[in-house]
**Student:** 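Handing you this structure, nothing more for now.
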Amino acid sequence: MTRLLSLTLVSVALASPVAAQQTLNIYNWSDYIAEDTITKFEEATGIKVVYDVYDSNEVLEAKLLAGSSGYDLVVPTSNFLQRQVKAGIYMPLDKAKIPNLGNLDPGLMKSAAAYDAGNAHSAIYLWGTTGIGYNIDKVAERLGDAAPTDSWSLVLDPANAAKLADCGISILDSAVEVMPGVLAWLGLPPDSTDPDDIEKAMAALTAIRPYVRYFHSSQYITDLANGEVCLSIGWSGDVFIAMDRAAEAGNGVNIGYTIPSEGTLQWFDMMAIPADAPHPDAAHAFINFVLQPEIIADITNYVFYPNAVPASKEMIDPEITGDPAIYPPQEVLDKLFPATVYDARTDRLINRLWTQVRTGQ
Amino acid sequence: MMRRSPFLPLICIAGFVFLYAPIVSLVVFSFNESKLVTVWGGFSTKWYGALFRDPQILGAAWVSLQVAAIAATVAVILGTLAAYVLMRFGRFRSRALLTGMVTAPLVMPEVITGLSLLLLFVAMEQIFGWPAGRGMTTIIIAHTTFAMAYVAVVVQSRLTGMDQSVEEAAMDLGARPVRVFFDITLPIISPALVAGWLLAFTLSLDDLVVASFVTGPGASTLPMVIFSKVRMGVSPDINALATIIIAIVGLGVGLAMWVMVRGRNRDKAVQRTE
Amino acid sequence: MPRAQAPGMSAPALWRWTAAPLARLGLSGRTLVILVPVIWLLVFFLIPFLVVAKISLSEPMIAQPPYAPLGTWDGLRLTLDLNFGNYAFLLDDPLYLNAYVFSIQTAFVSAALALLIGYPMAWYIARSPEPRRTLLLLLVILPFWTSFLLRVYAWQGFLRSNGVINNFLIATGIIDTPLVMLQTNFAVYLGIVYTYLPFMILPLYATLVKLDDSLLEASADLGARPVATFFHVTLPLSMPGVIAGFMLVFVPAIGEFVIPELLGGPNTLMIGKVLWGEFFSNRDWPVASAVAIVMLVVVVVPFMLLRNAQARAEAE
């Protein structure tokens with residue numbers, strides 16, 4: 001008995017310094033990884049993973065800004081990442097430790113470098129677009145076959161919005177997500193920070209405001225699937241989840257997703273390591289692990305968001321790679337634009353006008 | 001005894017229907033075949049199976065229960081002390097300060113409470129090395145702090161309502177204040193303590209915002225896990241968990257009632273034979 | 001009458017193990033009892049609160065943390081840089097005033113509704129014989145141990161246009177087209193009343209349960225009708241519970257965020273939501289802090305003055 005005890009003590013004493021080295025605290029979006037990715041990583045490296053999830057960039061940002069969050073790896077969206085890099089939140093990646101960075105598509109990495117100069121602090125995890133999810137049958141019923149389902153006019157033209165009002169329109173509750181698309185529809189530069197342009201975009205939104213049921217950034221997933229709303233300005237992957245849900249429920253709801261031809265936002269969720277991360281080596285190892293084609297292919301198969309590793313394409317379900325709404329063809333890709341990062345004053349102006357659009361105050 | 005009008009039980013029943021309508025719906029949908037919690041897709045118990053295979057939800061539920069039980073207990077002790085001091089100690093130097101501090105947490109918006117405590121914990125860790133990292137301990141401290149405000153309000157109202165002459169009589173007879181408190185005051189205010197504990201427990205169990213701020217890696221409470229799944233719509237395994245909680249508590253309450261009723265009947269029987 | 005006994009350790013033992021050793025250090029029991037809650041709140045409420053007050057006086061910036069330091073110390077000279085602009089800003093834009101007013105109004109109406117529903121329930125529970133009383137009390141709180149979000153989702157299921165209530169009303173022919181109930185102020189009132197109902201019932205119960213029956217009987221014996229007894233005897237005696245319950249619903253409901261977010265419509269302009277936007281969308285921690293401080297002052301200061309006046313009146 002005593003020997004057993006002392007043996008255990010010795011092994012604990014031996015194990016603890018190693019164990020302290022070999023943990024990794026990950027903070028990622030909820031439902032944003034394949035079911036077995038973590039297990040595979042633990043098996044491959046012997047590193048124990050503590051995996052927590054968040055539901056919004058804002059919550060993640062608040063924690064990071066308060067300092068010493070305790071996390072080793074986080075996955076913010078690119079426009080948030082840019083500001084956080086500026087605030088000095090992330091450490092530069094030690095690229096020698098991540099040979100698989102070479103697997104990433106140079107074109108997409110160049111787009112992502114708009115947020116993080118030289119991709120110094122971050123690597124693309126997955127990416128997507130902001131577009132329109134709609135109930136195919138209900139929209140056809142109300143707008144006829146001539147419905148402009150490839151254009152922002154589908155919702156931004158008040159005549160169309162009025163016809164869809166009774167079956168429900170929802171819009172993401174985030175000015176910076178919605179406004180660039182509206183600017184593009186108006187023929188203005190989508191990254192404009194000119195207050196006049198911003199006012200024009202807001203006026204366009206105010207015009208359809210009476211027909212909008214609500215502004216929310218996640219509620220529409222369930223509501224689209226249930227048929228409670230019939231058109232949502234939302235995120236690509238979320239609309240696909242709604243599609244999936246509706247198919248699963250067999251309730252006869254058919255949902256489509258469109259990337260409007262005027263162009264829309266392309267965003268990247270980026271893996272980055274906080275400067276005060278307790279286990280940076282393990283975090284580097286994880287980034288390297290995820291960027292293997294077979295691993296990232298699993299993730300895309302599971303969450304329906306495209307990744308940035310071209311070699312993974314052949315391992316992805318052809319239904320996903322073949323869907324132009326998920327993997328858009330080059331001519332559509334060319335029309336996507338990055339999210340604008342506004343200075344504090346413009347940010348405030350936009351959000352204030354947004355409140356005005358939303359509440360009429 | 002006063003005559004009872006039928007009016008009161010009717011309102012009471014209506015009140016309970018109001019309270020339980022959503023509960024009935026969530027219990028029903030825990031047996032729903034479909035993943036959509038709002039559309040009926042046939043009877044199934046598969047979500048119960050899914051629940052027991054999901055260590056994340058079960059782990060979070062366990063964390064939440066521990067936090068709520070500890071925080072509620074500490075909050076009742078501290079809140080009762082604060083209320084007692086304010087109602088019975090007359091004037092003392094920090095009186096105005098305590099009055100303010102014990103009420104203010106009620107009105108502080110959760111975001112601000114969470115953020116300010118997070119900043120405090122970060123600073124404390126840098127200066128004193130405690131609390132090392134954040135997790136259950138910090139959630140318990142945060143919950144205790146805002147829950148004790150609720151407890152204090154409830155206990156204060158009970159202390160205002162009670163007849164002070166009994167306490168005074170005991171003091172006059174030479175009982176130590178501690179004795180008077182434990183032997184006389186405490187039993188009289190015990191309904192308020194029970195009410196306060198239940199409120200504190202509920203507050204802690206349901207808190208999302210404050211806990212998300214002050215937690216650290218690896219310590220997720222149940223509301224945090226549920227909220228993170230909200231993007232996809234609430235999945236029915238959470239309904240299953242809620243149903244199980246209700247069933248367990250309901251069973252426990254029923255059992256306690258049964259024991260009490262039986263004990264009373266036996267007492268009566270004993271009295272009768274004597 | 002059950003035997004009155006303190007739970008847990010007996011009083012003398014407690015005294016021997018806790019207070020007595022400290023009393024030897026020159027701290028009286030009385031001081032100690034005061035110090036425990038005071039110190040806890042000083043550390044975990046007042047200091048964090050002062051941090052918030054400090055943030056509300058600073059300038060936002062892109063940094064970690066996202067606001068400028070309040071002053072500089074160059075070894076000899078302390079330069080303070082206080083920015084009251086955040087408060088001026090709140091006064092400048094009618095949005096904030098409107099949100100405060102709307103929130104207080106919503107909270108007040110909700111608290112009043114909760115009182116109307118909660119009082120009869122608390123009264124009935126308190127007047128019930130044991131063990132039914134305990135059973136009913138637990139039944140009041142039990143729904144709240146499920147999960148807040150589940151309950152809100154269940155309400156959404158009732159209120160939506162193809163939900164239970166509308167289907168019922170249409171089936172019975174009372175209405176033809178579904179009522180829009182979700183994303184309205186009605187849904188917000190309903191959500192707040194539902195969520196906060198136990199916070200009304202429990203303090204009321206705690207007061208009512210120990211109400212002296214003999215007073216009610218005396219009133220009835222003197223020929224007072226039940227209604228008169230209620231307004232002249234019961235209600236005045238239960239006032240502390242009414243005030244406590246009202247406070248526990250009214251005060252936290254002012255800053256409520258989640259309920260208006262999930263049940264309210266775009267016009268529901270609650271201050272909690274405005275603050276959330278300042279904090280998360282604008283990343284303006286200083287303005288968000290100022291919003292909170294103003295709210296605290298508006299609500300707590302009148303309350304403290306009231307309490308102090310009460311205490312003074314009692315002392316005299």
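Numbers restart at 1 for each chain; the letters A, B, ... are given by sequence-line order, proteins then strands. It should be emphasised that the depicted structure is a prediction, and the values quoted were computed from it without experimental measurement.
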**Student:** Count the heavy-atom pairs under 4.5 Å between each of A/E228, A/K86, A/E58 and chain C, then report the option with the highest count.
**Tutor:**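 Heavy-atom pair counts peak at A/E228.
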
**Student:** Between C/V287 and chain A, with a heavy-atom cut-off of 4.5 Å, which part of the residue counts as in contact: side chain, backbone, both or neither?
**Tutor:**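 Answer is side chain: those atoms of C/V287 sit under 4.5 Å from chain A.
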
**Student:** To the nearest 0.5 Å, what is the distance between CG (C/L95) and OG1 (A/T359)?
**Tutor:**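 Interatomic distance, C/L95 CG to A/T359 OG1, rounded to 0.5 Å: 6.5 Å.
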
**Student:** Return yes if some donor-acceptor pair links the side-chain N/O of C/Q64 with the main-chain N/O of A/L64 below 3.5 Å, else return no.
**Tutor:**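 At least one qualifying donor-acceptor pair exists.
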
**Student:** Please classify the contact between C/F89 and chain A as side chain, backbone, both or neither, with a heavy-atom cut-off of under 4.5 Å.
**Tutor:**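 Looking at C/F89, just its side chain touches chain A.
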
**Student:** So how far is it from A/H216 NE2 to C/Q183 CD, rounded to the nearest 0.5 Å?
**Tutor:**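 Those atoms lie 9.0 Å apart.
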
**Student:** Report yes if some heavy atom in the side chain of C/L182 is under 4.5 Å from a heavy atom in the side chain of A/R213; otherwise report no.
**Tutor:**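 A side-chain contact under 4.5 Å is absent here.
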
**Student:** Do you know which of A/A66, A/A62, A/S174, A/G88 has the most heavy-atom pairs under 4.5 Å to chain C?
**Tutor:**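 Between A/A66, A/A62, A/S174, A/G88, the count favours A/A62.
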
**Student:** Could you look at C/E261 and say if it's the side chain, the backbone, both or neither that has a heavy atom under 4.5 Å from chain A?
**Tutor:**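 Interface part for C/E261: both.
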
**Student:** Salt-bridged, A/R348 to C/D93, with N to O below 4.0 Å?
**Tutor:**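 Result for this pair is no, no salt bridge flagged.
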
**Student:** With respect to chain A, which residue among C/G277, C/P60, C/P65, C/P66 yields the maximal number of heavy-atom pairs within a distance under 4.5 Å?
**Tutor:**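 Option with the top pair count is C/P66.
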
**Student:** Above 12 or not: heavy atoms from other molecules or residues under 6.0 Å from CZ of C/F108?
**Tutor:**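 Counting other residues, nucleotides and ligands, CZ of C/F108 stays at 12 neighbours or fewer.
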
**Student:** Just verifying a value: how many Å separate C/N282 CG and A/R352 CZ, rounded to the nearest 0.5 Å?
**Tutor:**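 Here the rounded value is 10.5 Å.
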
**Student:** Using a 6.0 Å cut-off, check whether atom CG of A/D343 has over 12 heavy atoms from anything other than its own residue.
**Tutor:**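 Yes, the 6.0 Å shell around CG holds more than 12 heavy atoms from other groups.
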
**Student:** What distance do C/R160 atom CZ and A/T222 atom OG1 have between them, rounded to the nearest 0.5 Å?
**Tutor:**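 The OG1 atom of A/T222 is 8.0 Å from CZ of C/R160, to the nearest 0.5 Å.
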
**Student:** Output the distance between atom CG (A/L65) and atom OH (C/Y67), rounded to the nearest 0.5 Å.
**Tutor:**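 A/L65 CG to C/Y67 OH: 10.0 Å, rounded to 0.5 Å.
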
**Student:** Within this structure, what is the CG-CZ distance for the pair A/D347 and C/R283, rounded to the nearest 0.5 Å?
**Tutor:**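 Output value for this atom pair is 5.0 Å.
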
**Student:** So for A/N57, is it side chain, backbone, both, or neither that comes closer than 4.5 Å to the heavy atoms of chain C?
**Tutor:**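 No part of A/N57 comes within 4.5 Å of chain C.
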
